[in-house]
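Worksheet: the structure to be examined is printed underneath.
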Amino acid sequence: MEIRYATPTDLDSLLDLLQANHANNVPDDEKKNGFVTTNITKEQLCDLIDKENGVTVAVDGGRVVGFALAGSWDYWKPWPLFSYMIDILESYELDGQTMTTENSYQYGPICVDKAYRGTGVFEKVFTFSLESMADRFPYMVTFINQINPRSYAAHTRKGGMTESGKFDWNGNHYWMMAIRTK
Ligand SMILES: CC(C)(COP(=O)(O)OP(=O)(O)OC[C@H]1O[C@@H](n2cnc3c(N)ncnc32)[C@H](O)[C@@H]1OP(=O)(O)O)[C@@H](O)C(=O)NCCC(=O)NCCS
């Protein structure tokens, strides 16, 4: 198992893992074990690699079994949810510090193949991704759907993240999460 920055040759395998865990493909009774909602194309992922080196992968036997995305708000702003998060970002704080598009970046989605869950892959991918952005930003921000308790448990108990508040968007209820990068 290797944890490293992704290269373009990892992206087909990464997208297979994303699709398998996308809300559209996860049955309702399995959503408590996690799902992702972000849609992203291979071209957008290539861009994230080129411009921000923002794709971390866990690779086993040549297959991507875990990944995390991370990028500046400027990268994410074309997505409607992230544009909304940018609008409300300054209402949230961590340790008394207001979150802004300059002092924070957006991480996620993160995804771990079912067969590798609970094995420490989450912590390794999360930590690699967080450290990879630490020289650029003092804070990382993400959102978690309130019907994804597994992700909330992983990020608070294993990732050390804190809930900065909640927000609603497009009929969904989210936690706004934050952490210092160092
Ligand atoms: C979210 C995800 C990355 C977490 O990785 P993971 O390997 O499953 O995480 P872990 O199993 O190490 O930790 C999850 C914790 O949640 C707990 N948990 C499991 N199911 C749970 C549930 N239904 N409700 C609450 N907690 C739950 C586990 O017991 C574990 O805690 P513990 O080890 O202290 O007992 C992974 O489940 C995943 O990829 N899910 C699909 C995609 C996804 O949801 N991505 C996140 C989008 S925000």
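We count ligands from 1, going down the list as the structure has it; atoms in each ligand are counted the same way. The chain is numbered in sequence order, starting from 1.
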K32 side chain to P149 backbone, donor-acceptor under 3.5 Å: no
Flag the pair K51 and D74 as a salt bridge only when some basic side-chain nitrogen lies within less than 4.0 angstrom of an acidic carboxylate oxygen. no
Decide whether E163 and Y152 meet the rule of one side-chain donor and one side-chain acceptor closer than 3.5 Å. yes
Tell me whether the centres of the aromatic rings in Y107 and F126 are closer together than 6.0 Å. yes
Validation row: I147, H173 side chains within 4.5 angstrom (heavy atoms): no
So what's ligand 1 close to, N/O to N/O, under 3.5 Å?
residue: ligand 1; atom: 7 (O); partner: G118; partner atom: N; Å: 2.9
residue: ligand 1; atom: 8 (O); partner: R150; partner atom: NE; Å: 2.8
residue: ligand 1; atom: 8 (O); partner: R150; partner atom: NH2; Å: 3.2
residue: ligand 1; atom: 11 (O); partner: G118; partner atom: N; Å: 3.3
residue: ligand 1; atom: 11 (O); partner: R150; partner atom: NH2; Å: 3.0
residue: ligand 1; atom: 12 (O); partner: K158; partner atom: NZ; Å: 2.7
residue: ligand 1; atom: 13 (O); partner: K158; partner atom: NZ; Å: 3.2
residue: ligand 1; atom: 31 (O); partner: R157; partner atom: NH2; Å: 3.0
residue: ligand 1; atom: 33 (O); partner: K158; partner atom: NZ; Å: 2.7
residue: ligand 1; atom: 34 (O); partner: R157; partner atom: NE; Å: 3.4
residue: ligand 1; atom: 34 (O); partner: R157; partner atom: NH2; Å: 3.2
residue: ligand 1; atom: 37 (O); partner: R150; partner atom: NE; Å: 3.4
residue: ligand 1; atom: 39 (O); partner: V112; partner atom: N; Å: 2.7
residue: ligand 1; atom: 39 (O); partner: V112; partner atom: O; Å: 3.3
residue: ligand 1; atom: 40 (N); partner: N33; partner atom: O; Å: 3.4
residue: ligand 1; atom: 44 (O); partner: F35; partner atom: N; Å: 2.9
residue: ligand 1; atom: 44 (O); partner: F35; partner atom: O; Å: 3.3
residue: ligand 1; atom: 44 (O); partner: N148; partner atom: ND2; Å: 2.9
residue: ligand 1; atom: 45 (N); partner: I110; partner atom: O; Å: 2.8

Quick note, salt bridge (Lys or Arg N to Asp or Glu O under 4.0 Å) partners involving residues 171-182, not counting sequence neighbours, are D135-K182
